[in-house]
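To start, the structure itself, in structure tokens.
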Protein chains: 2
Amino acid sequence: MALEHAILVSLLEQPGSGYELARRFDRSIGRFWTATHQQIYRVLRRMEADGWIAAEEVAQDGRPDKKVYSAAGAGRAALADWLREPVEPETVRHELAVKIRAAAFDDPAALISEVERHREGHAALLSRYLHGEQRDFPDLDALDTAQELQYVVLRGGIEYERMTLAWLDEVLATLRRLANGGEGGGGDQDGGGVQSSDDRV
Amino acid sequence: MALEHAILVSLLEQPGSGYELARRFDRSIGRFWTATHQQIYRVLRRMEADGWIAAEEVAQDGRPDKKVYSAAGAGRAALADWLREPVEPETVRHELAVKIRAAAFDDPAALISEVERHREGHAALLSRYLHGEQRDFPDLDALDTAQELQYVVLRGGIEYERMTLAWLDEVLATLRRLANGGEGGGGDQDGGGVQSSDDRV
DNA sequence: ATTGCCTATGCAATTCGTTGCATAGCAGGA
DNA sequence: TCCTGCTATGCAACGAATTGCATAGGCAAT
């Protein structure tokens with residue numbers, strides 16, 4: 001599990017309450033690590049008990065009190081240990097890819113609007129990233145260590161979205177071609193196709 | 001949950017036992033949906049109880065018996081229903097990206113070998129994909145529906161790996177630059193940097 | 001001979017993640 | 001005025017996923 005480490009990084013970059021962390025995970029960090037507020041609160045309590053982070057109660061006018069957490073020495077040490085462990089292979093859950101292959105056994109045309117919707121989401125995200133690049137990194141020659149690393153991660157997000165957009169266009173072209181050609185609802189290919197071994201792509 | 005649907009697609013493309021499915025999920029399908037054998041066996045039993053799939057006991061010489069599953073009519077119908085549901089946003093767990101940002105609070109140089117190892121893995125996967133493209137799709141003008149869709153998903157895998165390789169090279173360049181410049185172990189940036197709002201990228 | 005690995009399936013325990021609900025005051029619009 | 005929505009935290013229950021272990025025969029190399 002690395003949620004605690006993702007939280008540590010976020011708190012090192014800037015202290016905050018559980019609620020604020022949940023919002024960060026919905027926005028920026030959420031693109032490479034998702035978490036609900038429930039998960040975050042639970043892990044924060046455990047991390048505080050383990051001495052990884054320290055909490056400070058902050059009274060607010062009008063709003064409920066909040067507990068602002070910041071990373072403690074033990075947390076920083078735990079993060080350093082974790083950094084030296086090997087990265088486990090990513091667990092991928094690409095639902096859209098599963099659906100695209102599933103469309104062969106139903107009607108490919110039924111997927112088109114869904115893929116278009118997906119494409120809009122990625123286009124919006126890309127433009128948000130590009131906007132953030134302009135705003136937060138206007139001068140690439142004047143970045144400190146933390147900013148350099150944040151920037152290269154953002155670059156990854158940008159290139160990922162560009163690639164995804166291009167790929168979704170390919171997917172749409174394929175689906176439209178199949179929808180025009182084989183009318184009648186599909187579903188009766190045998191599916192064996194050219195491939196026979198478990199080692200197929 | 002969509003593991004059952006990923007299994008259905010795999011069984012429609014080709015029937016197989018739980019063990020064979022686990023191997024497919026380690027190899028081909030594993031790139032967009034990962035699952036352990038435990039998950040697969042559990043879900044297979046549930047799917048059989050629900051009538052989504054049918055099992056046939058197959059005796060083997062030398063090896064234990066195996067149960068070969070294939071998709072049933074109810075399974076195919078369930079897949080069609082699922083296809084028409086909206087795709088939930090992907091839950092991303094990009095551990096390496098977290099580590100890259102974490103490196104700002106420790107020693108960036110400590111990550112270099114890890115990123116290199118990661119890069120090798122992606123390079124190997126790309127070459128496996130390209131090999132599979134040559135082998136399974138030699139003639140792009142003679143594909144049926146299922147093959148067209150398998151091909152466009154493979155294309156996505158190829159472009160993803162290409163993009164990732166280019167990005168990892170960027171990451172390595174950044175890490176090496178930081179390792180040569182700021183010697184001494186880092187860890188003392190304030191981390192606040194240019195960014196102050198939760199809306200940052 | 002023994003060790004280790006591969007096929008093939010499964011139980012049990014634990015941890016992780018999700019969903020629904022609850023509290024509680026304040027702000028803004030219909 | 002009522003309703004909705006936002007900040008802020010949390011409990012309880014359930015379902016999903018992971019991890020460790022077990023069985024059991026065969027195969028290949030040491």
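Letters go in sequence order (proteins before strands), and every chain restarts at 1.
Put simply, CD on B:Glu57 is 11 Å from C1' on C:dT9, counting in whole angstrom units. Whole-Å rounding puts the A:Arg23 CZ to D:dG5 C1' distance at 13 Å. Atom pair A:Leu21:CG and D:dT9:P shows a separation of 9 Å (rounding to whole Å applied). For A:Tyr69 and D:dG10, the OH to C1' distance is 11 Å, given to the nearest whole Å. Taking atom CD of residue A:Glu20 and atom C1' of nucleotide D:dA8, one finds them 10 Å apart after rounding to whole Å. Taking atom NE2 of residue A:His37 and atom P of nucleotide D:dC6, one finds them 14 Å apart after rounding to whole Å. If you measure from atom CG of B:Leu44 to atom C1' of D:dA16, you get 16 Å, rounded to the nearest angstrom. Going from atom CG of B:Asp26 over to atom C1' of D:dT18 covers 14 Å, rounded to whole Å.
Contact annotation: A:Thr36 side-chain N/O to C:dT19 OP1/OP2 distance is not under 4.0 Å. Between B:Gln39 and D:dA16, a side-chain N or O to OP1/OP2 separation shorter than 4.0 Å is absent. Contact check, A:Arg93 against D:dA17: a side-chain N or O comes under 4.0 Å of OP1 or OP2. Of the side-chain N and O atoms in A:Tyr19, one or more sit less than 4.0 angstrom from OP1 or OP2 of D:dT7. Contact annotation: B:Tyr41 side-chain N/O to C:dG10 OP1/OP2 distance is not under 4.0 Å. For the pair B:Ser17 and C:dT9, the criterion of a side-chain N or O lying under 4.0 Å from OP1 or OP2 is met.
B:Tyr41 and B:His37 have perpendicular rings, their planes meeting at more than 60° on a 0 to 90° scale where under 30° would count as parallel.
Shown here are the side chain to side chain donor-acceptor pair (under 3.5 Å) partners of B:Thr34, two or more places apart in sequence or in another chain: A:Arg93.
Side-chain N/O atoms of A:Arg42 and base N/O atoms of C:dT18 include a donor-acceptor pair closer than 3.5 Å. With hydrogens and angles ignored, no donor-acceptor pair closer than 3.5 Å exists between the side chain of B:Arg45 and the base of C:dG10.
Residues A:Leu83 and B:Ala103 share a closest heavy-atom pair of CD1-CA, 3.8 Å.
If you check C:dC16, D:dT9, C:dT9 against the side chain of A:Arg46, the one that comes closest is C:dC16. Checking D:dA8, C:dG17, C:dG10 against the side-chain heavy atoms of A:Lys66 singles out D:dA8 as nearest.
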Tabulate below the donor-acceptor pairs under 3.5 Å that side-chain atoms of residues 163-172 of chain A make, not counting sequence neighbours, or state none.
residue: A:Thr164; atom: OG1; partner: A:Tyr160; partner atom: O; Å: 2.8
residue: A:Trp167; atom: NE1; partner: B:Val152; partner atom: O; Å: 2.8
residue: A:Asp169; atom: OD1; partner: A:Arg119; partner atom: NE; Å: 2.6
residue: A:Asp169; atom: OD2; partner: A:Arg119; partner atom: NH2; Å: 3.2
residue: A:Glu170; atom: OE1; partner: B:Arg155; partner atom: NE; Å: 3.0
residue: A:Glu170; atom: OE2; partner: B:Arg155; partner atom: NH2; Å: 2.9

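When each of A:Arg176, A:Arg101, A:Arg177 is checked for a salt bridge (Lys or Arg N to Asp or Glu O under 4.0 Å) with B:Glu148, only A:Arg177 meets the rule.
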